[in-house]
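In each ligand, atom 1 is the first atom listed, and ligand 1 is the first ligand listed.
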Amino acid sequence: MSKKYAIGIDYGTESGRAVLVDLSNGAEIADHVTPYPHGVIDETLPGTGAKLEHDWALQHPDDYLEVIRRSVPAVMKQSGVAPEDVIGLGIDFTACTMLPVDENGTPLCFLDEYKDHPHSWVKLWKHHAAQDEADRLNEIAAQRGEKFLARYGGKISSEWMIAKVWQILNEAPELYDRADLFMEATDWVISQLSGSFLRNSCTAGYKSIWHKQEGYPSKEFFKALDPRLEQLTDTKLRGSIVPLGTKAGQLTPQMAEWTGLTTDTAVAVGNVDAHAAVPGVGVVEPGKLVMAMGTSICHMLLGTEEKEVEGMCGVVEDGIIPGYLGYEAGQSAVGDIFAWYVEQAVPAYIEKEAEAAGVSVHEWLEKKASAYKPGQSGLLALDWWNGNRSVLVDTNLTGTILGLTLLTKPEEIYRALLEATAFGTRKIIDAFQDNGVVVNELYACGGLPQKNRLLMQIYADVTNKEIKIADSKQTPALGAAMFGAVAAGAEKGGYDSIVDAARQMARVREETFKPIPDNVKVYEQIYQEYCRLHDYYGRGENDVMKRLKAIKEKANA
Ligand SMILES: Nc1ncnc2c1ncn2[C@@H]1O[C@H](COP(=O)(O)OP(=O)(O)O)[C@@H](O)[C@H]1O
Ligand SMILES: O=C(CO)[C@H](O)[C@H](O)COP(=O)(O)O
């Protein structure tokens, strides 16, 4: 049999990237990135230019198809691989990224009558405007003693499906009525690729409150939220929910034409970026926490028992690797915080110095910040620039920096921001460990470990754990390709299980980041201060952040 290959497509926040992978050893033969032509739509709606409200984040569904039209032919051309040797295709996506579609699976924003309506567009994972609905949902679920809350760390996030659907119902009931289905974007793209509509168990479990044994919450619960939602799960959320690695179908003739592949290529059901990254780094057993580090961080962990962990995003049976309980927690801004600082707050002289040195502002600040010892700046920041996803689950919280003086330098602030995100991760690790979910080892993948060594050393020092780094630069896409190979099956030259695929195809780098004992000691002290500040602002002792947000919203109304 000739060598066989699979393609993984990773749909990120700003762009989609396709990777063509050799199934015998996981080697990435070719990759190509397509920036989304419309990017993140968070200010004005395409076409009308209508201003979007604060906290909105939308996307254009055709941008996802553009990735298929451009990046797949590009990797085929670069690699020179014969189309018939590409036996499988898998995708992973940011989530919950959701959209309303009509009975033909057409996004409502493609229809003339709805294209000017903001609610007809894709709501990106970081659309945070459904917080009121999320708050109300959590209140009602708590009053009713709904058991599912514990599986989601005690709170359902405004980023997820039910809060977003309810926001549409509240603000655009006619559009809610018109929607035949609300779909995760990852399932919608798979329906376009394969012609079949299946929901994957990962997004259903983590983002839509679905449980393998218990199904969705009861109709009474949905009725208690709003009588109009009573039938939601049988109507607009209907559909078969199938495990990761299931074959959705084969490429449609139209997709074969766009991509240059054949209609024999097996297509796996959809997946989530962070979850696909876990087999992508070779983790297929408990105790190994995988951090997918980019604009945000997702923390992924396998376990054998269902435990309750404060503020975790969720625990889902078979949600990451079939046969295990998959735990997820996260920080909703990490790289985005550093980007904010570099783009919005760095003084012009730093930009000039970086330019003169021929490096990016990030790299310049990293170099200068590396000269400081832990604790030397006297600064401490809370990493809540985009709210707190775990453990507080509150998008109304905001960032803060303590300890500024007239002598504070930009690189000290940059370092404090790196440290703040590491403290946020430590808090998440502690929450898992305190509740009996063991974390023995750390694995990192995503863009950040490749970009910033100081950041990785700080994470090793703050957590006092060695960190292994994925060898692949495109770990979620590699994981997605593995699931594509599983959809194709061993008979065709793929694999029968994701465990087999990961053992054969995943790699970590030889170099790891090890904790430096002197740094660990100082960071332990600062972390205790972080915890005090975290609880003071985050657990209701001082609600100033929320009060300021309310004043801001009124002033902006
Ligand atoms: N040298 C750097 N140090 C720290 N952060 C960086 C650096 N360069 C870029 N970033 C941040 O990395 C993030 C992008 O991470 P990446 O993994 O490539 O993207 P994504 O999360 O969309 O997959 C951006 O938020 C950006 O600010
Ligand atoms: O919540 C998620 C996964 O469960 C999102 O997909 C994630 O936070 C966005 O990832 P990225 O920072 O890579 O764009």
Side-chain angles (χ1 to χ4, degrees), residues 10-17 33 35-36 39-40 57 59 91-98 124-128 152 157-161 184-186 200 202-203 205-208 270-278 290-300 312-314 316 319-320 326-344 346 354 359-370 385-387 389-390 393 395 411 414-415 417-418 421-422 444-459 470 472-477:
D10 170 39
Y11 284 96
T13 300
E14 309 276 350
S15 61
R17 53 208 107 173
V33 179
Y36 299 142
V40 177
Q59 282 192 324
I91 71 168
D92 66 82
F93 230 98
T94 67
C96 164
T97 295
M98 56 78 76
L124 182 61
W125 64 276
K126 65 178 175 180
H127 174 92
H128 280 163
Y152 298 96
S157 162
S158 70
E159 287 179 7
W160 299 347
M161 184 65 93
E184 279 282 349
T186 194
N200 74 87
C202 177
T203 46
Y206 287 103
K207 312 297 178 182
S208 291
N271 201 344
V272 178
D273 46 8
H275 303 63
V278 176
V290 177
M291 303 184 288
M293 304 178 73
T295 51
S296 64
I297 297 186
C298 290
H299 304 77
M300 319 297 303
M312 68 178 163
C313 301
V316 174
I320 303 174
Y327 288 88
E328 178 186 353
Q331 288 165 270
S332 38
V334 176
D336 268 357
I337 303 183
F338 316 145
W340 166 82
Y341 186 61
V342 163
E343 285 159 22
Q344 308 293 335
V346 160
V359 294
S360 72
V361 174
H362 281 289
E363 287 164 328
W364 186 246
L365 287 171
E366 179 195 353
K367 184 164 174 254
K368 295 201 117 193
S370 298
W385 264 246
N386 193 15
R389 192 189 277 179
S390 299
V393 200
T395 56
E411 55 269 28
Y414 189 73
R415 184 171 177 128
L417 297 177
L418 304 184
T421 66
C445 61
L448 290 184
Q450 324 277 343
K451 290 177 177 139
N452 194 317
R453 295 181 64 82
L454 173 64
L455 179 76
M456 298 317 296
Q457 186 57 52
I458 291 173
Y459 273 58
S472 167
K473 291 202 175 93
Q474 317 279 6
T475 322

| query | Mind checking whether Thr94 has an N or O less than 3.5 Å away from an N or O of ligand 2? | reply | no
| Just distances here: any N/O of Gly294 and N/O of ligand 2 closer than 3.5 Å? |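 No; every N/O pair is 3.5 Å or more apart.
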Closest protein heavy atom to [atom], given as residue, atom name and distance to 0.1 Å:
atom                    : result
atom 7 (C) of ligand 2  : Ser296 OG, 3.7 Å
atom 5 (N) of ligand 1  : Leu448 CD2, 3.3 Å
atom 1 (N) of ligand 1  : His362 CB, 3.2 Å
atom 12 (O) of ligand 2 : Thr295 OG1, 2.4 Å

| message | Are Cys445 and Val290 packed together at the side-chain level, in the sense that at least one heavy-atom pair is separated by less than 4.5 angstrom? | response |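 Yes - at least one pair of side-chain heavy atoms lies under 4.5 Å apart.
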At a 4.0 Å cut-off, with the gap strictly under it, does some heavy atom of [X] reach an atom of ligand 2?
X      : result
Gly12  : no
Lys126 : no
His275 : yes
Gly330 : no

| Hey, is Tyr414 one of the residues with a heavy atom under 4.0 angstrom from ligand 1? |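 In this structure, Tyr414 qualifies as a contact of ligand 1 - some heavy atom is under 4.0 Å.
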| query | So is Arg17 close enough to ligand 1, meaning a heavy atom under 4.0 angstrom away? | reply |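 Yes, Arg17 has a heavy atom closer than 4.0 Å to ligand 1.
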| Would a distance-only check, ignoring hydrogens and angles, find a side-chain to backbone donor-acceptor pair under 3.5 Å from Gln59 to Thr13? |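 Checking the backbone N and O of Thr13 against the side chain of Gln59, a donor-acceptor pair under 3.5 Å is found.
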| Any donor and acceptor pair, going by atom type alone, linking the side chain of Glu184 with main-chain N or O of Ala95 inside 3.5 Å? | no
| field | Location of contacts on Asn452 toward ligand 1, heavy atoms closer than 4.0 Å | value | side chain
Heavy-atom distance to [atom]: which of [options] wins?
atom                    : options                        : value
atom 20 (P) of ligand 1 : Leu455, Asp336, Thr295, Ile337 : Thr295
atom 24 (C) of ligand 1 : Ser360, Gly447, Gly335, Ala274 : Gly335
atom 14 (C) of ligand 1 : Lys473, Lys451, Glu14          : Lys451

Under a 4.0 Å heavy-atom limit, does [X] contact ligand 2 with its side chain, its backbone, both, or neither?
X      : answer
Asp273 : side chain
Cys298 : side chain
Gln331 : neither

| request: Assess the side chains of Tyr459 and Thr421: does a donor N or O sit below 3.5 Å from an acceptor N or O? | output: yes
| said: Checking Tyr327 against His299: is there a side-chain donor and acceptor pair closer than 3.5 Å? | reply: no
